[in-house]
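Quick notes on the structure that follows.
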Amino acid sequence: MSLVQIAMQPQTIAMAALCLTLLAFIHHRLTRSSKLPLPPGPPGNLIFGNSIPKAFAYRHFETWTQEYGPVFTLRQGFNTIIVIGRMQAAIDILEKEGAATVDRPLSIAAGETLSGGMRMLLTPAGERFKKMRRALHAHLQPKIVSNYAPTLMRNAKQHIMDIIDEPHRHQDHAKRYSAAVVMALAYGKQAKSYEDPDIQAVNRCLTRLGNNLRPGMWKVDAYPFLRLTRRGMPNRYVPGYLKELQDGHKEELNLFKSQIYEVKMKMERGEEVLPSFGKYLLERQKELDLSDDEMAYLAGSMFGAGSDTTASAISVTVLAAACHPEAHKRVQEELDAVVGRSRPPTIADQEMLPQTMAFVLESVRWRPVSAGGFAHKAIKDIVWGNYVIPKGASVIGNVWSVGRDPEFFPDPETFNPQRWLTEGGKLRDDLKSYSFGFGRRSIFVNAALIQWAFKISSDPSSPIDPLAFTESANTHPLPFKVIFEPRIASSMEATKELFEDYGL
């Protein structure tokens with residue numbers, strides 16, 4: 001038997017894993033600069049560390065938060081993982097120590113292999129991250145983003161039309177709306193239906209990403225030696241390991257490159273090209289020092305930042321309205337009092353609709369989209385209370401648990417939008433929501449329009465399970481049925497007429 005064949009034996013691999021883990025553990029103990037202990041956590045296997053459920057890990061983390069405290073420690077292979085599960089700890093570590101947690105841990109599976117090291121969400125600090133962030137922030141300034149309000153409103157109008165025509169497909173319509181908005185922002189394109197090939201391709205990529213971002217999904221992230229490198233090419237001990245991610249990378253890179261190539265061809269032909277992020281990147285590619293692949297991925301990464309999370313959050317507001325009719329009724333009373341019934345609400349009405357905004361905030365606290373958060377990396381030892389978060393540790397803000405902090409959200413399992421309002425009925429400025437980002441205005445305007453236009457109720461023939469969600473990192477409600485009844489007009493067709501001039 002050759003040396004290579006011996007090295008490939010499972011027993012050899014297991015022994016190598018044991019030796020490397022023990023060496024890493026000893027090295028960690030000897031080189032730790034702080035004498036303070038790690039935060040407590042559940043005991044784990046000496047070699048492999050803690051077992052983390054691949055499905056709904058964020059719910060399991062809440063159980064550990066209640067048992068071990070607001071910050072606890074896990075270990076997977078060579079990795080130390082610090083999980084934050086309460087609001088004040090999140091503020092202390094992720095905000096006040098934000099400069100020390102701005103980095104991302106190395107992600108071999110989803111980051112390097114699936115994303116080619118070019119997805120902003122998973123790119124560790126370095127020159128590539130700096131130039132991609134610089135390009136993104138330069139374009140997505142508040143003044144520039146505000147120019148896209150008509151795009152949001154036109155697509156929100158189509159969203160209502162889609163619900164009227166096919167109410168049973170309301171979750172598909174939310175996905176079409178979100179992907180269409182991002183298509184417009186990224187490439188200046190208009191997608192008309194959920195069956196649009198571009199929409200289908202985008203949603204396929206997002207589903208793949210969400211499934212592979214789950215903690216503990218790929219052992220190579222805990223044991224990097226599972227990926228060998230020979231002459232710059234990745235090899236695996238296990239034949240075919242990571243191949244599905246390599247194939248996925250080819251598919252999404254081709255998608256992102258084809259989309260920006262269309263914009264480039266239109267520009268070269270002198271055709272009218274609507275303002276978009278892709279156009280901005282093409283015009284400034286040399287100045288921004290971006291390769292073709294980096295530019296394509298940067299424009300394409302907007303889908304992860306906005307499309308997937310926004311679609312899910314819109315569906316969550318529908319779910320909440322059906323499950324909590326009293327809260328739904330309060331929103332409609334406010335809409336009638338402030339907006340009236342002669343015209344639909346717009347983005348400009350947001351400041352005058354605190355009850356509606358409180359409903360949205362409570363919806364995404366109750367069922368957060370990125371429920372488990374995404375890992376950061378400590379670039380130095382961080383002292384928190386009597387514990388240390390060691391340099392190099394992965395730091396996860398578990399959004400599900402932070403939104404269930406009883407100190408900030410009393411009776412956290414109760415759906416109560418009033419918790420976001422002052423006694424005078426204004427939105428509180430001392431309560432934080434960690435579930436919002438790119439799509440805040442999108443979620444608001446769609447929630448306002450849907451609840452203005454329809455009375456939403458559960459279908460007695462198909463009871464709703466409010467905990468039935470996908471297992472992916474960005475969670476979506478599993479298919480659920482609701483009844484949409486025309487509220488603002490006598491029929492669905494009459495409701496359509498009220499939107500005739502909306503967004504023009």
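The side-chain heavy atoms of Leu122 and Leu213, taken from C-beta on, include a pair separated by under 4.5 Å. In this structure, Thr475 and Tyr58 have side chains that are in contact, with non-hydrogen atoms separated by less than 4.5 Å. Considering only heavy atoms from C-beta on, Glu272 stays 4.5 Å or farther from Lys266 through its side chain. A heavy-atom distance below 4.5 Å is not found between the side chains of Gln259 and Val202. The closest side-chain heavy-atom distance from Asn254 to Ser258 is not below 4.5 Å. A 4.5 Å side-chain heavy-atom check between Glu413 and Arg404 finds at least one atom pair inside the cut-off. No side-chain heavy atom of His249 sits less than 4.5 Å from a side-chain heavy atom of Leu242. You'll find the side chain of Arg86 reaches within 4.5 Å of the side chain of Ser401, heavy atoms only.
Not counting sequence neighbours, Arg367 has no partner by the side-chain hydrogen bond (donor to acceptor under 3.5 Å, both in side chains) test. Residues passing the side-chain hydrogen bond (donor to acceptor under 3.5 Å, both in side chains) test with Thr495: none are found, sequence neighbours excluded. Residues that satisfy the side chain to side chain contact (heavy atoms under 4.5 Å, CB included) test with Met267, not counting sequence neighbours, are Val263, Val273, Lys279, Leu282, Glu283. For Arg428, the salt bridge (charged side-chain N to carboxylate O under 4.0 Å, His left out) partners at least two apart in sequence or on another chain are Asp430. A search for side-chain hydrogen bond (donor to acceptor under 3.5 Å, both in side chains) contacts involving Lys377 returns nothing, not counting sequence neighbours. Evaluation of the ring-ring contact (aromatic ring centres under 6.0 Å, His included) rule for His324 yields Trp366, Phe415 as partners, not counting sequence neighbours. Under the salt bridge (charged side-chain N to carboxylate O under 4.0 Å, His left out) criterion, Asp247 pairs with Lys243, sequence neighbours left out. Under the side-chain hydrogen bond (donor to acceptor under 3.5 Å, both in side chains) criterion, Ser115 pairs with Arg119, sequence neighbours left out. Checked against salt bridge (charged side-chain N to carboxylate O under 4.0 Å, His left out), Asp405 has no partners two or more places apart in sequence or in another chain. Residues meeting the ring-ring contact (aromatic ring centres under 6.0 Å, His included) test with His159, sequence neighbours left out: Tyr177. By the ring-ring contact (aromatic ring centres under 6.0 Å, His included) test, Phe499 pairs with Trp452, Tyr502, sequence neighbours left out. Under the ring-ring contact (aromatic ring centres under 6.0 Å, His included) criterion, His60 pairs with Trp64, sequence neighbours left out.
Using a 3.5 Å distance cut-off with no hydrogens or angles, the side chains of Asp162 and Gln158 do pair a donor with an acceptor. Between the side chains of Ser461 and Asp459, at least one donor N or O lies within less than 3.5 Å of an accepting N or O. Of the N and O atoms on the side chains of Ser315 and Gln171, not one donor lies less than 3.5 Å from an acceptor on the other residue.
Scanning all heavy atoms of the two residues, the minimum distance from Ile314 to Ile443 falls at CG1-CA, 4.4 Å. Taking all atoms of both residues into account, the shortest heavy-atom contact from Leu94 to Gly397 is CD1-CA, 3.9 Å. Listed here is the closest heavy atom pair of Arg128 and Gly116: NH1-O, 3.6 Å. In this structure, Thr101 and His376 approach most closely via the heavy-atom pair O-ND1, 2.8 Å. Among all heavy-atom pairs drawn from Glu268 and Met265, the shortest one is OE1-CE, 3.1 Å. Residue Ser370 comes nearest to Asn474 through the heavy atom pair OG-OD1, 2.6 Å, listed as atom of the first residue, atom of the second, then distance.
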Problem - Full working for salt bridge (charged side-chain N to carboxylate O under 4.0 Å, His left out) between Lys189 and Asp196 - result: CA-CA 12 Å; Lys189 295 178 66 173; Asp196 186 303; over 6 Å; no

Exercise for the section: Please step through ring pair (Phe, Tyr, Trp, His ring centres under 6.0 Å) for the pair His170 and Phe480, ending with a clear verdict. Expected result: CA-CA 9 Å; His170 62 95; Phe480 65 97; 4.8 Å; yes

Practice task
Start with the C-alpha distance between Arg208 and Asn211, add both sets of side-chain angles, then the distance that settles side-chain contact (heavy atoms from CB on, under 4.5 Å), and finish with yes or no.
Solution key: CA-CA 5 Å; Arg208 182 191 298 115; Asn211 287 335; 6.0 Å; no

Problem - side-chain contact (heavy atoms from CB on, under 4.5 Å) between Trp218 and Leu245, worked out - result: CA-CA 11 Å; Trp218 291 92; Leu245 299 184; 3.7 Å; yes

Handout entry: Worked check of side-chain contact (heavy atoms from CB on, under 4.5 Å) between Ile81 and Ile52
Key = CA-CA 11 Å; Ile81 302 170; Ile52 299 177; 4.2 Å; yes

Practice task
Let me see the working for Val482 and Ile464 under side-chain contact (heavy atoms from CB on, under 4.5 Å), right down to the final yes or no.
Solution key: CA-CA 9 Å; Val482 296; Ile464 295 174; 4.0 Å; yes

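Counting non-hydrogen atoms of other residues, nucleotides and ligands closer than 6.0 Å to CD of Glu271 gives a total above 12. Crowding of Arg169 atom CZ: a count of heavy atoms from other residues, nucleotides or ligands under 6.0 Å exceeding 12. Annotation for Lys131: atom NZ counts as buried by contact number, over 12 foreign heavy atoms lying within 6.0 Å.
A salt bridge links Arg419 to Glu362: one of the charged nitrogens lies within less than 4.0 Å of a carboxylate oxygen. A salt bridge between Asp349 and Arg343 is present, with a side-chain N of the basic residue lying under 4.0 Å from a carboxylate O of the acidic one.
Classification of the Phe277-Tyr280 ring pair by plane angle, with boundaries at 30° and 60°, yields parallel.
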